[in-house]
Amino acid sequence: MLERHDTDILILGSGGAGLFAALHAQKAAPSAKVTIAVKGLIGKCGCTRMVQGGYNVALGHGDSVERHFMDTIKGGKWLPDQDMAWKLCEQAVVRVRELENEIGCFFDRNPDGSVHQKAFAGQTFDRTVHKGDLTGIEIINRLMEQVLSRPVERLQEHRAIGLIPAKDGSGLSGVLFIDMRTGRFRFVRAKAVLMATGGGPTMYKYHTPSGDKTMDGLAMALRAGLDLRDMEMVQFHPTGLLAGEHTKMTGTVLEEGLRGAGGHLLNGAEQRFMYDYDERGERATRDIVSRAIYAEMRKSNASPRGGVFISMAHLGPEHVAQKFRGMVKRCSDCGFDLAGGKVEVVPTAHYHMGGVVVDPDTRTAMPGLYVAGEDAGGAHGSNRLGGNGVANSTVYGGVAGDVMGKEATGALRDPDETILDAEIARASHPFARKPGNIHSLRTALQEAMWQDAGVMRTQTGLERCIARLHEIGAELMEIGVDDSTRAFNLTWHDWLNLRSLCDISEVIAEAALARENSRGAHYREDFPDEGDMETSYFTVAHRRDGILDVGRAPVRFTIVRPGETVLPDGEPETMVAAE
Amino acid sequence: MTDLPPDTAPLRVSVWRGAKAGAFETFDVPMQESQTVLDLVAWIQQNADPTLAYRYACRVGMCGSCAMMVNGVPRWTCRTHVSKVMRGGTVQVAPLRNLPVIKDLAVDMDPFFDKWTEAGGAFFPTKSRADAVEPILPETPARQEADAAIECINCAVCYAACDVVSANPDYLGPAALNRAWSLVNDVKDGALDARLTAVSGAGGCHNCHSQQGCVAHCPNELNPTASIAGLKRATVRAALRGKS
Amino acid sequence: MKSHRNHPLWFAFALHRASGLLLALFLPAHFWVLSYALNDAAALDGFLEWTDYTVVKIAEFGLVFLLAVHMFGGLRLMALEWLPWSPHQKTYAAGAVAASFCLSTLFFLSAV
Amino acid sequence: MLGVRLYMLQRLTALIMAPLVMGHIAVMIYAVQGGLSASEILGRTQGSLLWAVFYGTFAVAVALHAAIGLRTIIHETMGLGRSSLAVLTSALFVVLAGMGLYAVYAVTA
Ligand SMILES: Cc1cc2nc3c(=O)[nH]c(=O)nc-3n(C[C@H](O)[C@H](O)[C@H](O)COP(=O)(O)OP(=O)(O)OC[C@H]3O[C@@H](n4cnc5c(N)ncnc54)[C@H](O)[C@@H]3O)c2cc1C
Ligand code: HEM
Ligand code: SF4
Ligand code: F3S
Ligand code: FES
């Protein structure tokens, strides 16, 4: 039943982090065997590919790494790990040049041939590099070509299900997989493993990430006893498409630019409401708009499907159709007229700032295990700036590759066979039960998280949510999966997905309960103020001996303290012209 | 804007089951107002037959992993509204043509990507990360050609639509050649001659008969036929210069 | 059931291939008949007399039609390969077929 | 299975044939009026270097062109390998060109 396989450097995931790690690892250690294992097809899954807006990078002309860094720290409400945030901003410059010059990406140009940059909300400079509104496709396609044309071993449709430590406790031995096409288990030993499975807050009723992302990485890390930080920090995008529960289109992003260009948000009574909440109206930041929409929905001011409307028609349908071609086409493909009519929208879970505690070189507390991209916590603090997500995954994926290339020396570690057997048993659990409807249970989880651990949170809500999560988790253990064939058995994977989501949902809810203030993406109605900046802390969660524990750790202001700046004296606050 | 009344007749969806050998199986799926072909397939797996295999990721037309034959035509299923393809209350869904079937609706896309590489689909750098980003005028003809071909999501819809792919196992196919053409026009790329050789082999661009199924079906409105024609011209020019 | 082939440009391809193939099959026969001229002019005449029969006339009309279809189709194809791409491909394809019809009808009319 | 050379050759022969076909059809339209006869054809062609060159070029071009075309069709429908195709293409060319040139010789000599 169990196939065994060895490699030197093993990478989980083929998003921006995974693909960059593969290229850098191979360059850093040309004689090492590099293997990339992924839940879908290489380059065709994960969220880096779905990046629309673009990539934040300070390319000069008045912008600086310092300014990008200050925006990142302020955007993250002083919670980011400053060394990580600094490295993110500094290395983004190198990474974008690498993407253009070595990987072959082409970012949009100004008429004079220089790279075009625009501003996302929360930035003080026009610094987002992009390729139309399909930036992620350009980045991932080019990276994918480079990886596919090199001798990197590919394990496609291989789902990682367990981090298996060494027998002697010296670190990580390897990773247990299900080869999804055959349904067989495969254990791969490696000297260094990068976890870059991209998190993915898909435990919410409305969510943007791709279907393959279900928090598997963080769930594995949790079982391995690693520390997870900032787990309460789930970013909601204010305008997800609302098209009914039966369609996968629901939750997908209607881009930020629609509001920026002057789109109106209307409640169920077809009235604008954003000015009741913020003087910037629809142009307020993601968190504020998300909360305002949520508040309208709770006031029963909702559209027929329970959201609000976005309306662009007053800008001239032709103009809208031309400026937002992709979005308009996407809406019309599923029957909505974005250019001329109204489209129902709802806040949608977009990004998870929380993740494994790592050092700025992507190392974890477990020797041999490295984490990068959305799976790693720290770089964004309580809120990620639009455009910093893909910068983070590509920068730290590359860093991980360099570091692993150097550190993947010595011998392979022998696995702890007891844990290996236990992980196989865990994954095989549903085959011993009577099949049931997993989908309706996932809907129940998504409903619970959306209601009580979503855009706005309270102690009572979170406690109710946690109780519900325990019930759902227990119910899942009683639902089985048809064992007639394990090959490409999606329902088995639905079960495993839901298991990961339940485990991490609990951590999110517990961490949200532990943070008794409101920072960035985390909003407690019972603790609406942001708390003292000087004594800022972040949450750290782990599960050891079956007990989930959430603690606090003080933020270390290693570069700049609240109220101060690293910008030179006299630098203007912002260099973005108000629209 | 509400969901349809429950008395609406269900859709009859026939779905391919098995691998190369197999048969269609029919399911009744409740009809909804906003429903894509991918939603139909997912509904069947979640509610009617848990063993049905298919593939998707992004669900919004970006990853190109959900393509299938819908009523005999290759399509991205996550962006195909049921009303667009439904006939007399029925829809037929089969795995993508021209690729080996793994199971049910999931195909092995490796041959498609192997050919992408074989066609010289990977950029060859002439500069490094130590250099500044090269200024490139967006309005130059070469850049416009490169851009026109660039927004491919490698969904293999065109690959499934092309009869030369079915007839000639070496044929690199529209998507790979389209990518090669984009690179031929990329002034940053340093492997022009090698790429022109790569697209001139037994399965190269000269085997395209301009059937234009690729153009007719590409969900992103790309024009691989025009790209392939570009390669034909470029390779002929190179051959006349004695460089092939 | 619709098929992936169900678009006018695939039809244009199919027509070009079919006409090319039929022409290639007819060609040896044509050469063979003509070579009678060398040693047996009477036989050639005998053959040419056949051309009075309507069936044969229609067959010949077919041949000229094939030749015209194939030629215009081929010219259309080379235009799209070698001239700047134009979005009017379908119009050209239809035009090529129409032109072939005109030419072969002209031939037919003059033959009867 | 076409490489750049065969591709060029096929397009080149096509371009050469296009005006020849037009000429041939024009002559035919003119000639068939009132029926065809061997003497009429031969009277026009025999001893004419011009017609010999005209139809000679046509015969060689068409042989090349059709051989390459048939090669493609045969490859795509029967999947022959590279070397069998090479033999087949040459054989087709030799037969077609041989018959064609013999016919041209017959009507113009
Ligand atoms: C719709 C959308 C738009 C976005 N737009 C922007 C933007 O404009 N700018 C920006 O900066 N950021 C944006 N982001 C965020 C950005 O995409 C992510 O921050 C970043 O790309 C994450 O990269 P990653 O490599 O960590 O993960 P991903 O790219 O998500 O890749 C994760 C990989 O891990 C694989 N995987 C998952 N589980 C397993 C498992 N168990 N075993 C093996 N493999 C596994 C997945 O299949 C996938 O290949 C957007 C996100 C979304 C969803
Ligand atoms: C008059 C001028 C002609 C022109 C402009 C012409 C043009 C072409 C072109 C461009 C092709 C390539 C098609 C492709 O790659 O899909 C082709 C193919 C072909 N031609 Fe011609 N041709 C002409 C005359 C002829 C004649 C007289 C014959 C036969 C006797 C012929 C037989 C063929 C065959 C068999 C093919 C292969 C068809 C295919 O691959 O689908 N052609 N022709
Ligand atoms: S060219 Fe179009 S159809 Fe072909 S793979 Fe690319 S996006 Fe898909
Ligand atoms: S369908 Fe095929 S034949 Fe050429 S024009 Fe497109 S690649
Ligand atoms: S699921 Fe990604 S393109 Fe359809």
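Excluded from the calculations below are hydrogen atoms, water molecules and symmetry mates; all remaining heavy atoms, backbone and side chain alike, are included. Here is how names work: the chains are called A, B, and so on, in the same order as the sequence lines, proteins then strands, and each is numbered from 1.
Rounding to the nearest 0.5 Å gives a distance of 4.5 Å between CD1 of D/I73 and CG of C/L21. The structure places CG of D/L70 at 7.0 Å from CG of C/L25, a figure rounded to the nearest 0.5 Å. Atom CE of D/M22 is separated from atom CE of C/M71 by 4.5 Å, given to the nearest 0.5 angstrom.
Of all heavy-atom pairs between D/Y7 and C/E81, the closest is OH-OE1, 2.7 Å. Nearest approach of D/L96 to C/F31, heavy atoms of both residues: O-CE1, 3.7 Å.
More than 12 heavy atoms of other shown residues, nucleotides or ligands fall within 6.0 angstrom of atom CZ in D/F54. Residue C/W82 qualifies as enclosed at atom CH2: its count of foreign heavy atoms under 6.0 Å is above 12.
Only the side chain of C/L77 comes within contact range of chain D, with heavy atoms under 4.5 Å apart. Contact of D/Q10 with chain C is not made at all, since no heavy-atom distance falls under 4.5 Å.
Between C/H70 and D/H65, the ring planes lie perpendicular to each other; the angle is over 60°, past the 30° to 60° tilted range.
Put simply, the side chain of D/T72 reaches to within 4.5 Å of the side chain of C/R17, judged on heavy atoms.
Per-residue heavy-atom pair counts under 4.5 Å with chain C were compared for D/A14, D/G100, D/G69, and the maximum is reached by D/G100.
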